[in-house]
Amino acid sequence: MRSRRKVVIVGAGAVGSTSAYALMRSGLADEIVLVDLDRQRAEGEAMDMNHGLFFVPPVDLHAGDYDDCADASVVVITAGAKQKPGQTRLELVHDNVRICRRIMDEVTSRTREAVIIIVTNPVDVLTYFALKHSGLPAGQILGSGTVLDSARFRYLLSRRYGIDPRNIHAYIVGEHGDSEVALWSMAHIGGTPLKTYCEVCGKQVSDLDQDAILRQVRESAYHVIESKEATYYADSLALERIVGAVLRDENSVLTVSTMIDGLYGIQDVCLSLPAVVNRAGVRDILHASLDEREVEGLRRSAGVLRKVIEQVRAEDGAN
Ligand SMILES: NC(=O)c1ccc[n+]([C@@H]2O[C@H](COP(=O)([O-])OP(=O)(O)OC[C@H]3O[C@@H](n4cnc5c(N)ncnc54)[C@H](O)[C@@H]3O)[C@@H](O)[C@H]2O)c1
């Protein structure tokens with residue numbers, strides 16, 4: 001990890017620029033660079049943010065190009081097509097795999113040291129191809145995965161129980177998408193297992209409640225996209241959290257998307273599980289003890305992703 005904390009964000013659209021804004025406010029980075037096919041847009045976003053520099057910790061924020069990756073600590077990829085109302089994340093796959101491979105070539109010809117964070121959807125499939133295409137070590141490329149979905153889950157539980165979301169530990173794992181899985185067996189409120197907490201407060205969560213809450217988490221993005229065409233505020237905060245874990249070498253447990261090869265009988269697919277994130281990217285994956293239903297759901301989710309990976313291989317060729 002370099003001493004200067006430089007973050008390059010490829011894609012200065014809604015997610016890329018709000019992420020730059022969140023990072024700028026956080027004081028986590030010394031330098032933030034926006035790279036986009038539309039250079040004018042990247043310059044405009046940088047200029048707009050720079051006019052607020054008086055109010056935030058010092059940071060060198062500017063538009064740039066791929067040469068900026070050479071000394072970056074972190075490269076974030078948010079470039080590509082986004083979901084239209086009613087479209088699933090997986091439907092973006094062909095265009096975005098092609099875009100992501102081109103960007104990976106540009107980035108890895110300048111640096112083989114930076115941690116690369118993929119945000120573009122479908123994030124698990126793109127993380128997989130970015131990894132295969134680049135040949136970088138598995139932990140060095142990670143997807144933003146279900147960090148956001150886990151935050152949505154905690155938000156919904158916090159509303160149900162009237163508890164600060166920061167005191168709720170609950171994870172969504174698997175695909176960042178329609179097959180994702182809620183880990184109810186591991187959910188805790190202030191260190192108390194959710195099940196015990198519910199017995200005391202009287203607000204039990206039935207199987208039907210569990211299904212309804214998970215459906216709400218899964219459908220959150222669809223509702224926001226129907227209302228305002230894109231999601232980006234919570235997304236950019238999730239990204240700031242992940243970038244912070246890398247820049248500060250935090251060893252934070254986050255549900256990022258990473259290569260799974262053998263765990264829970266799942267092979268050769270990228271998906272989210274609670275993982276330890278630090279300056280090298282993903283250090284380890286937690287071997288969490290899931291119940292039978294959760295393992296089954298996770299395997300089903302891995303199956304959905306593997307099918308898409310094989311489809312892309314068959315239709316678009318090579319890694
Ligand atoms: N993983 C997550 O949690 C999450 C959350 C929200 C959005 N997303 C995904 O992030 C992506 C971006 O979403 P958005 O709302 O910012 O879209 P957007 O359309 O606002 O921005 C995309 C940007 O990418 C740029 N771009 C396209 N191709 C490029 C290339 N080859 N090189 C450089 N720049 C290029 C475009 O010019 C545009 O500025 C989408 O795929 C979306 O689905 C992921």
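For ligands, and for the atoms within them, numbers begin at 1 and follow the listed sequence. Note that the coordinates shown come from a computational prediction; the quantities given were computed from them, not determined experimentally. Just so you know, residue 1 is the first one in the sequence shown, and it goes up from there.
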Check: Ser272/Thr255 side-chain N/O donor and acceptor closer than 3.5 Å: no
Near-ring test Trp184/Phe153, centroid separation under 6.0 angstrom: yes
is_close_aromatic(Tyr197, Tyr161), centroid dist under 6.0 Å: yes
Record the part of [X] in heavy-atom contact with ligand 1 below 4.0 Å; permitted values are side chain, backbone, both and neither.
{"X": "Ser144", "value": "side chain"}
{"X": "Val119", "value": "both"}
{"X": "Thr120", "value": "both"}
{"X": "Ala81", "value": "backbone"}

Any donor-acceptor N/O pair, Glu91 side chain to Thr88 backbone, under 3.5 Å: yes
Thr196 side chain vs Thr192 backbone, donor-acceptor pair below 3.5 Å: no
Does any N or O atom in [X] lie less than 3.5 angstrom from one in ligand 1, N or O only?
{"X": "Val15", "answer": "yes"}
{"X": "Thr231", "answer": "no"}
{"X": "Ile99", "answer": "no"}
{"X": "Leu92", "answer": "no"}
{"X": "Val35", "answer": "no"}

Quick test of your reading of the model: are [X] and [Y] salt-bridged, counting only N-O distances below 4.0 Å?
{"X": "Arg160", "Y": "Asp209", "value": "yes"}
{"X": "Glu180", "Y": "Arg300", "value": "no"}
{"X": "Glu31", "Y": "Arg5", "value": "no"}
{"X": "Glu43", "Y": "Arg39", "value": "yes"}
{"X": "Asp68", "Y": "Lys6", "value": "yes"}

Shortest reach to atom 8 (N) of ligand 1 by a heavy atom, considering only Ile118, Thr18, Leu34, Asn121: Asn121
Winner among Asp36, Asp38, Val10 once heavy atoms are compared against atom 37 (O) of ligand 1: Asp36
Tell me the protein heavy atom at minimum distance from [atom], and give that distance in Å.
{"atom": "atom 34 (N) of ligand 1", "value": "Leu37 N, 3.3 Å"}
{"atom": "atom 6 (C) of ligand 1", "value": "Asp235 OD2, 2.8 Å"}
{"atom": "atom 35 (C) of ligand 1", "value": "Ala79 CB, 3.4 Å"}

Heavy-atom gap His176 to ligand 1 smaller than 4.0 Å: yes
